[in-house]
Amino acid sequence: MANYKAALDKDVTKRYLAIDQGKRTQAMYIWIDGSGENLRCKTRTLEEVPKSIADLPIWNFDGSSTGQAEGSNSDIYLHPVAMFDDPFRLGNNKLILCETYKYDHSPTETNHRKSCVEVMEQAKDEHPWFGIEQEYTLLNTGKHPFGWPADGFPGPQGPYYCGVGADKVFGRDIVEAHYRACLYAGIKIAGSNAEVMPSQWEFQVGPCEGIEMGDHLWMARFLLQRVAEDFGVVVSFDPKPIPGDWNGAGCHTNYSTLAMREEGGIKHIEKAIEKFSKVHKEHIRAYDPHGGADNARRLTGLHETAHIDSFSAGVANRGASIRIPRQVGEDGKGYLEDRRPASNCDPYVVTEAVVRTTILDMPLELP
Ligand code: ADP
Ligand code: MN
Ligand code: MN
Ligand code: MN
């Protein structure tokens, strides 16, 4: 596959982006497609700068081209749900996260936000907070990890996690650009680091309350894809991009309720872990878009994971399904870390599952 980014001169592009666009605003509508993993986007002009979601019109797209509808009845509705500043077009231009609805106004199969909002509404008095650690891998356009020797492998894992130096980390420009793009857009990005496998990175988003977790993580994924596109590099959210002795990629989900954060909260953390232990299989089905099949490649019991078939929990234990951070153990309050969600999980499905199990005592409704 040719690398077209190099063919387009970014300095030439800048000339056109510097043209005054007047009062009108460009709004890029963004949505999750029929894969439940990939994002799509398209742009429209708004005559005035939108101040809130209420100023944004419902729109539509051809769902037969995104795995979301048949050609004979193809229109899918886009309902704006969250608005962010656009770090690419700058000025008053906006990025608009949308939910997708079918012709009969029912949610599409991959619209898991609608039920997530309803569940978060029922649980709002507990103030559920989330912080997700999004791991991902940079690939060249030939789908080999970015910066790896053309036909082979780098030296074994060890020096790469939080590494520095041209032989330790690959693609830092993308990581830095993405971080600033997130800050500009208004994403609650919390940090970033190089991961255990070379060319694998992580960023964290949070703490976010309720539905905000899914909204901010999906938009942060969009920004990452969009930034990497500028560099001609591909982002993979596959949970085990390279088989063998290489770490997989997850979406560790840090979670607390108000009670867990208050004095003596550890009791509530332990209660939640007890509830998780009874529905491990159900959560595994919710923690990747293929009902556990993606995570089966990652959760092997090696490489800082617990085996997919067994549930475990422990203080500072990175080989457990659920880890209580050392500091939380010492303070006797704080949060827990669910290490099971895969890097390609839908955060709406994951956060809904966590709240159903730990707050609402309701069975999961699996996609
Ligand atoms: P790790 O040690 O597992 O690599 P990180 O530092 O990468 O952990 O991520 C920790 C995440 O936990 C951050 O996203 C942070 O926002 C989140 N977090 C911190 N406190 C809370 C809390 N009380 N409830 C939920 N999430 C939290
Ligand atoms: Mn981390
Ligand atoms: Mn990590
Ligand atoms: Mn973690």
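Atoms within each ligand, like the ligands themselves, are counted from 1 in listed order. If you're wondering where the values come from, they're calculated on a predicted model, not measured in any experiment.
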As a test of reading the structure, name the N/O/S atom of Glu195 that is nearest the Mn ion (ligand 3).
OE2
In Glu133, the N/O/S atom nearest the Mn ion (ligand 2) carries the name OE1
Give a rough value, rounded to 10 degrees, for the angle at the Mn ion (ligand 3) between atoms OE2 of Glu135 and OE1 of Glu202.
100°
If the threshold is 4.0 Å, N to carboxylate O, is there a salt bridge linking [X] and [Y]?
X	Y	result
Glu262	Lys333	no
Lys278	Glu274	yes
Arg40	Asp33	yes

For [X] and [Y], test the side chains for any donor-to-acceptor distance below 3.5 angstrom and give the result as yes or no.
X	Y	answer
Thr300	His307	no
Thr253	Tyr287	no
Glu352	Ser115	yes

Using the six-membered ring wherever Trp is involved, compare the ring planes of Phe84 and His216 and label them parallel, tilted or perpendicular (cut-offs 30° and 60°).
perpendicular
Considering only heavy atoms, which protein residues lie less than 4.0 Å from any atom of ligand 1?
Trp129, Phe130, Gly131, Glu133, Glu202, Gln204, Val205, Gly206, Pro207, Asn254, Tyr255, Ser256, Arg261, Arg318, Arg323, Tyr335, Glu337
